[in-house]
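Below, all heavy atoms of this structure are taken into account, side chains as well, without hydrogens, waters or symmetry copies.
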Amino acid sequence: MENQYTRTQYLFNEKFHKIQSATICVVGLGGVGGQALVTLARTGVTNFIICDFDTVNITNCNRQVVANLNTIGKLKTDICEDILKAINPNIQIIKINQKFSKDLDLFSYHFDYLIDAIDDVDNKYLLIKKCLENEVNFISSMGTAKKFDLKKLEIIDINKTEYDPLAKIIRKKLRDDNLKVKFKCLSSKEEVRLKGTNLGSYMPVTATAGLMIADYVIKQIINN
């Protein structure tokens with residue numbers, strides 16, 4: 001009998017059960033995190049922990065899967081739950097409607113993989129630091145603002161990134177704290193040419209970043 005995942009099962013065969021039994025934590029449900037989350041749900045992941053404090057803003061409509069004129073002002077976690085349940089009503093979701101910070105005990109939950117899609121630099125670094133200290137499997141999305149060329153996105157070790165100011169900041173903070181500077185991240189090697197503080201975003205880039213992260217996590221799950 002066919003279901004939502006029949007065509008995915010054709011590809012993964014006996015490994016598909018690994019995808020369905022995995023628990024994925026996604027922190028940050030914006031342009032990158034939201035796309036990664038929905039992609040994982042459509043691929044067969046049925047257990048999620050999602051963390052975001054924010055509500056939809058009209059400026060999110062240019063790139064975020066949660067955003068349209070009917071969802072402005074609503075919690076991104078609630079919208080993501082509705083989207084995922086519409087794909088598969090049996091998906092299990094733990095919603096954390098809080099900003100990740102030192103006061104949030106995220107690591108009391110069990111998960112097989114974590115996706116960091118936080119924008120805030122200090123809390124992003126804190127999440128990465130906690131992942132390293134707790135030795136959990138994770139991947140972190142670096143900067144996608146001011147980027148135009150989706151072909152220059154790559155998943156790479158944090159210490160090998162180029163033209164990524166956010167990655168540079170994270171590396172320095174890790175070294176200052178005497179932590180190992182080695183984990184996978186999504187980064188763009190496109191040189192930023194736009195000046196100024198306005199963080200323009202382009203959906204083909206943010207969406208591709210989310211797709212690449214979801215693909216990476218799926219491949220890690222089925223091959224381990």
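- Among residue pairs with one or both ends in residues 20-43, none qualify as ring pair (Phe, Tyr, Trp, His ring centres under 6.0 Å); sequence neighbours excluded.
- Residue pairs satisfying the ring pair (Phe, Tyr, Trp, His ring centres under 6.0 Å) criterion with at least one member in residues 135-155, sequence neighbours excluded, are listed as follows: Phe138-Phe183.
- Looking at Tyr125, its side chain does come within 3.5 Å of a backbone N or O of Lys173 through a donor-acceptor pair.
- Shown here are the salt bridge (charged side-chain N to carboxylate O under 4.0 Å, His left out) partners of Asp52, two or more places apart in sequence or in another chain: there are none.
- In this structure, Thr71 contributes its side chain and Asn68 its backbone to a donor-acceptor pair below 3.5 Å.
- Between Ser201 and Arg63, the closest heavy-atom pair is CB-CD, 3.4 Å.
- In summary, Lys130 and Asp116 do not engage in a salt bridge, as defined by a charged side-chain N under 4.0 Å from a carboxylate O.
- Judged as a salt bridge (charged side-chain N to carboxylate O under 4.0 Å, His left out), and not counting sequence neighbours, the contacts of Lys129 are Asp177.
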* For the pair Ser141 and Ile213, evaluate side chain to side chain contact (heavy atoms under 4.5 Å, CB included) and give the outcome as yes or no after the intermediate values. => CA-CA 8 Å; Ser141 176; Ile213 287 173; 3.8 Å; yes

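- Residue Lys74 comes nearest to Ile79 through the heavy atom pair CB-CD1, 3.8 Å, listed as atom of the first residue, atom of the second, then distance.
- The 12-atom threshold is exceeded at CZ of Phe12, counting heavy atoms of other residues, nucleotides or ligands nearer than 6.0 Å.
- Here the closest non-hydrogen pair linking Gly31 and Gln64 is N-CG, 3.4 Å.
- The backbone N or O of Leu104 lies less than 3.5 Å from no partner atom in the side chain of Gln98, so there is not a single donor-acceptor pair.
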Determine all donor-acceptor pairs shorter than 3.5 Å in which one atom belongs to a side chain in residues 38-48; sequence neighbours excluded.
unit_1 : atom_1 : unit_2 : atom_2 : d
Thr39  : OG1    : Gln35  : O      : 2.7
Thr43  : OG1    : Thr39  : O      : 2.6
Thr46  : OG1    : Gln20  : O      : 2.8
Asn47  : ND2    : Gln20  : O      : 3.3

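- Here Lys168 does not pair with Asp164 in a salt bridge; the nearest charged N to carboxylate O distance is not below 4.0 Å.
- A cation-pi arrangement, defined by a distance under 6.0 Å to the six-membered ring centre and an angle within 45 degrees of its axis, is absent between Lys189 and Tyr163.
- Here the rule is side chain to side chain contact (heavy atoms under 4.5 Å, CB included) with Leu114, and of Asn134, Val217, Leu127, Ile128 only Leu127 fits it.
- Every residue meeting the side-chain contact (heavy atoms from CB on, under 4.5 Å) condition with Asn97, not counting sequence neighbours, appears here in chain and number order: Leu75, Thr77, Lys95.
- Note on residues 15-42: pairs passing ring pair (Phe, Tyr, Trp, His ring centres under 6.0 Å), not counting sequence neighbours, are Tyr5-Phe16.
- The side-chain contact (heavy atoms from CB on, under 4.5 Å) check on Ile58 picks up Leu69, Ile72, with sequence neighbours excluded.
- No side-chain N or O of Asn123 forms a donor-acceptor pair with one of Ser101 less than 3.5 Å apart.
- Within a 6.0 Å radius of NZ in Lys85, other residues, nucleotides and ligands contribute more than 12 heavy atoms.
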* Go through Val26 and Cys51 one step at a time and tell me if the side chain to side chain contact (heavy atoms under 4.5 Å, CB included) criterion holds. => CA-CA 6 Å; Val26 183; Cys51 178; over 6 Å; no

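- Residues passing the salt bridge (charged side-chain N to carboxylate O under 4.0 Å, His left out) test with Asp82: none are found, sequence neighbours excluded.
- Residues satisfying the side-chain contact (heavy atoms from CB on, under 4.5 Å) criterion with Glu2, sequence neighbours excluded, are Thr6, Tyr10.
- His110 and Thr23 get closest at one heavy-atom pair: O-CG2, 3.6 Å.
- Applying the salt bridge (charged side-chain N to carboxylate O under 4.0 Å, His left out) criterion to Asp54, with sequence neighbours excluded, gives Lys76.
- With sequence neighbours left out, the side-chain contact (heavy atoms from CB on, under 4.5 Å) criterion links Ala22 to Ile24, Asp112, Ile221.
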* Full working for side chain to side chain contact (heavy atoms under 4.5 Å, CB included) between Lys102 and Leu126 -> CA-CA 7 Å; Lys102 61 182 176 60; Leu126 177 62; 3.8 Å; yes

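- Asn57 places a side-chain N or O within 3.5 Å of a backbone atom of Thr59 that can act as its donor or acceptor partner.
- Asn223 places a side-chain N or O within donor-acceptor distance of the main-chain N or O of Lys219, the cut-off being under 3.5 Å.
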